[in-house]
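Starting from 1, each residue takes its place in the sequence as its number.
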Amino acid sequence: MVECSSRATWHRKGTRFRLLSGFMGPMEERIDLDSEEEIPFTSSPNGSKVHPLDFEKVRLTSHRGFANSWIHKQSRISPLRSIYIVLMTAKINVLLPFGPLAILLHYLTRNHVLVFFLSMLGITPLAERLGYATEQLAFYTGPTIGGLLNATFGNATELIISIYALKNGMIRIVQQSLLGSILSNMLLVLGCSFFTGGIVHYNKVQEFNQATASVNSGLLLMAVMGIMFPAVLHFTHTEVHAGKSELALSRFSSCIMLVAYASYIFFQLKHQSSLPNPNRDVDEEGVTEEGSEEEESAEITQWEAIGWLAVLTLSVSVLSGYLVDAIEGASDALNIPVAFISVILLPIVGNAAEHASAIMFAVKDKLDITIGVAIGSSTQISMFMIPFCVVVGWLMGKSMDLNFQLFETATLFIAVIVVTFMLQEGKSNYLKGLMLILCYLIVAASFFVHVDPSTDDD
């Protein structure tokens, strides 16, 4: 046995781990293969032993190298591991200190510009970690409830900001921020995903499930119809009761859209899993290649995931209040229209995590998941969040309706038509992605020079 200068001995469930420190080589070189004694790397109750060479496989499948693998093994005895994984492993968490800094500056300087931008930076990692906690909880609840959880918390940041703004009577900010989230997901997120995936896989044609994309496109068109009729009724001055018919139609249409979205969720959970997926190749033994590549498992416990959902949701709620309060002040100080901030800047906060994940799946040639993230999120906002905010405003006594004004409604209609044509072939390439990105730039420029005529009325 090789002599060494120092040794650290660890005990866990009666098993002794010997770590030889002070070596320059990798982990497998630290084990003496000439030794006749097997090193009992095991946590099984029957006392089975693992060959020293098998440790390389365990090391490669650990979270982040040997150090994090050791932390992973301490999960059953230390709750600090949950804090480490949630707050330290993601690189985007370097933005977390901006949240408390924004709150501090709100009371010390009253500088709305700094508070607004720092709040946006602080909310971005919270939104990403909220999605992570939802995914972790889905490991324990199963695919059915997990799908409902993703539908509920996938756009929790936008929903919290909208409800807080609605409570303060900022109806136009609610409408424009939700509209901006739809446009951002359909044009910017999907465009960047198609463009990046097309560049990485330039020598092949990327395909996705055309049937699923068609269903989402149909729901988006239905949402456009529900949003369009109150606006048409208002601008053609054909209301039976001026001001009342428009609001009543919006509330009725919102209830219908919620029923349609609930039916869509039911269909997805009960029937969609039995439909064939062309992107998954099954070998002769019935084992998919996708599942054989890597097997994911939960990194935190069920109650830890629930606790983090509560903590992160509360944190987003608190920081959203300071963000919404600083919007009008930042608009005046920077001489930027409120419509541009609501439609372009605010959705960047809520869609940051979705944007990154959609591009990642496109690079991995998993466009079905990319479509589910981008178009599915747009469908969720248009068919669930917007009608839900109308119903919540109804309960609050706020006149939240589906009249998004003529400019915003026309923008949404044209964007949905463009995306529908892009998805009809079931194929993607970098040119389609570039076209969607350029369309989003046109939309952003349009809102930068657009003055909302109803801002003063609210």
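- Inter-residue side-chain proximity for Phe447 and Thr411 is flagged as met; some heavy-atom pair is nearer than 4.5 Å.
- Pairing each heavy atom of Ser217 with each of Thr420, the nearest pair is CB-OG1, 3.9 Å.
- Looking at Arg129, its side chain does come within 3.5 Å of a backbone N or O of Val86 through a donor-acceptor pair.
- Between Glu128 and Lys91 there is no salt bridge, since none of the side-chain N atoms of the basic residue sits less than 4.0 Å from a carboxylate O of the acidic one.
- Put simply, the side chain of Leu367 reaches to within 4.5 Å of the side chain of Ser428, judged on heavy atoms.
- Within 6.0 Å of atom CE in Met88, 12 or fewer heavy atoms from other residues, nucleotides or ligands are found, so the atom counts as exposed in its surroundings.
- In terms of heavy atoms, Cys389 sits closest to Met400 at O-CG, 3.7 Å.
- Using cut-offs of 30° and 60° on the angle between ring planes, the pair Phe448 and Phe340 is perpendicular.
- Atom CG of Asn335 has 12 or fewer heavy atoms from other residues, nucleotides or ligands within 6.0 Å.
- Nearest heavy atom pair, residue Glu425 against residue Gln210, reads O-OE1, 3.9 Å.
- For Phe407, the CZ atom counts as densely surrounded, since its 6.0 Å shell holds more than 12 non-hydrogen atoms of other residues, nucleotides or ligands.
- One finds the CG atom of Leu402 at 11.5 Å from the CE atom of Met225 (value rounded to the nearest 0.5 Å).
- Asn168 places no side-chain N or O within donor-acceptor distance of the main-chain N or O of Ile163, the cut-off being under 3.5 Å.
- No side-chain heavy atom of Met422 sits under 4.5 Å from any side-chain heavy atom of Leu190.
- For the residue pair Tyr202 and Asn429, no side-chain donor N or O sits within less than 3.5 Å of a side-chain acceptor on the partner.
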- Derivation and outcome, side chain to side chain contact (heavy atoms under 4.5 Å, CB included), residues Leu188 and Cys192: CA-CA 6 Å; Leu188 183 62; Cys192 291; 3.9 Å; yes

Under 3.5 Å donor-acceptor pairs involving side-chain atoms of residues 309-324, not counting sequence neighbours:
| from | atom 1 | to | atom 2 | distance (Å) |
| --- | --- | --- | --- | --- |
| Thr313 | OG1 | Leu309 | O | 2.6 |
| Ser315 | OG | Val311 | O | 2.9 |
| Ser317 | OG | Thr313 | O | 2.8 |
| Ser320 | OG | Val316 | O | 2.5 |
| Tyr322 | OH | Tyr107 | OH | 2.9 |

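- Residue Leu130 holds its CG atom at 11.5 Å from CD1 of Ile123, rounded to the nearest 0.5 Å.
- Residue Pro387 comes nearest to Ile381 through the heavy atom pair CD-O, 4.4 Å, listed as atom of the first residue, atom of the second, then distance.
- Here the CG atom belonging to Leu108 is positioned 12.0 Å from the CD1 atom belonging to Ile103, to the nearest 0.5 angstrom.
- Closest approach of Thr370 and Ala362 over heavy atoms only: OG1-N, 3.2 Å.
- A distance of 9.0 Å separates OH in Tyr430 from CG in Leu434, rounded to the nearest 0.5 Å.
- With a 4.5 Å cut-off on side-chain heavy atoms, Tyr440 and Ile344 count as touching.
- Pro347 is not listed as a side-chain neighbour of Leu183, based on a closest heavy-atom distance of 4.5 Å or more.
- In this structure, Phe388 and Phe384 have parallel ring planes: the angle between them is below the 30° cut-off, well short of the 60° mark.
- Between Asn111 and Leu105 the shortest side-chain heavy-atom distance does not fall below 4.5 Å.
- A 6.0 Å sphere centred on CE of Met228 holds more than 12 heavy atoms belonging to other residues, nucleotides or ligands.
- The backbone N or O of Ile375 lies less than 3.5 Å from no partner atom in the side chain of Asn185, so there is not a single donor-acceptor pair.
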- Test log, rule side chain to side chain contact (heavy atoms under 4.5 Å, CB included), inputs Leu346 and Ile327: CA-CA 10 Å; Leu346 283 183; Ile327 288 179; 3.7 Å; yes

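- Aromatic ring centres of Phe98 and Phe117: separated by at least 6.0 Å.
- Put simply, the residue from Leu441, Val419, Ile182 that forms a side chain to side chain contact (heavy atoms under 4.5 Å, CB included) with Leu187 is Val419.
- The main-chain N or O of Gln206 is never found under 3.5 Å from a side-chain atom of His201 such that the two would form a donor-acceptor pair.
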- Task: Go through the steps for Trp308 and Gln136 under the test side chain to side chain contact (heavy atoms under 4.5 Å, CB included), then give the verdict.
- Result: CA-CA 10 Å; Trp308 279 112; Gln136 292 299 306; over 6 Å; no

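- You'll find the side chain of Phe404 stays beyond 4.5 Å of the side chain of Gln176, heavy atoms only.
- Of all heavy-atom pairs between Met257 and Ser382, the closest is CE-O, 3.2 Å.
- The OG atom of Ser214 sits 8.5 Å away from the CG atom of Asn209 when rounded to the nearest 0.5 Å.
- Inspection of the Asp401 and Gln175 side chains reveals an N or O donor paired with an N or O acceptor under 3.5 Å.
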- Task: May I have the step-by-step check of side-chain hydrogen bond (donor to acceptor under 3.5 Å, both in side chains) for Thr301 and Glu304, ending in yes or no?
- Result: CA-CA 5 Å; Thr301 66; Glu304 287 172 346; 3.3 Å; yes

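- To the nearest 0.5 angstrom, Ser193 atom OG is 12.0 Å from Ile369 atom CD1.
- Put simply, the side chain of Lys364 never gets that close to the backbone of Ile359: no donor and acceptor are under 3.5 Å apart.
- For the pair Leu137/Tyr132, no side-chain contact is recorded, criterion being any heavy-atom separation below 4.5 Å from C-beta on.
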- Walk me through it: do Val343 and Ser177 pass the test side chain to side chain contact (heavy atoms under 4.5 Å, CB included)? CA-CA 5 Å; Val343 177; Ser177 63; over 6 Å; no

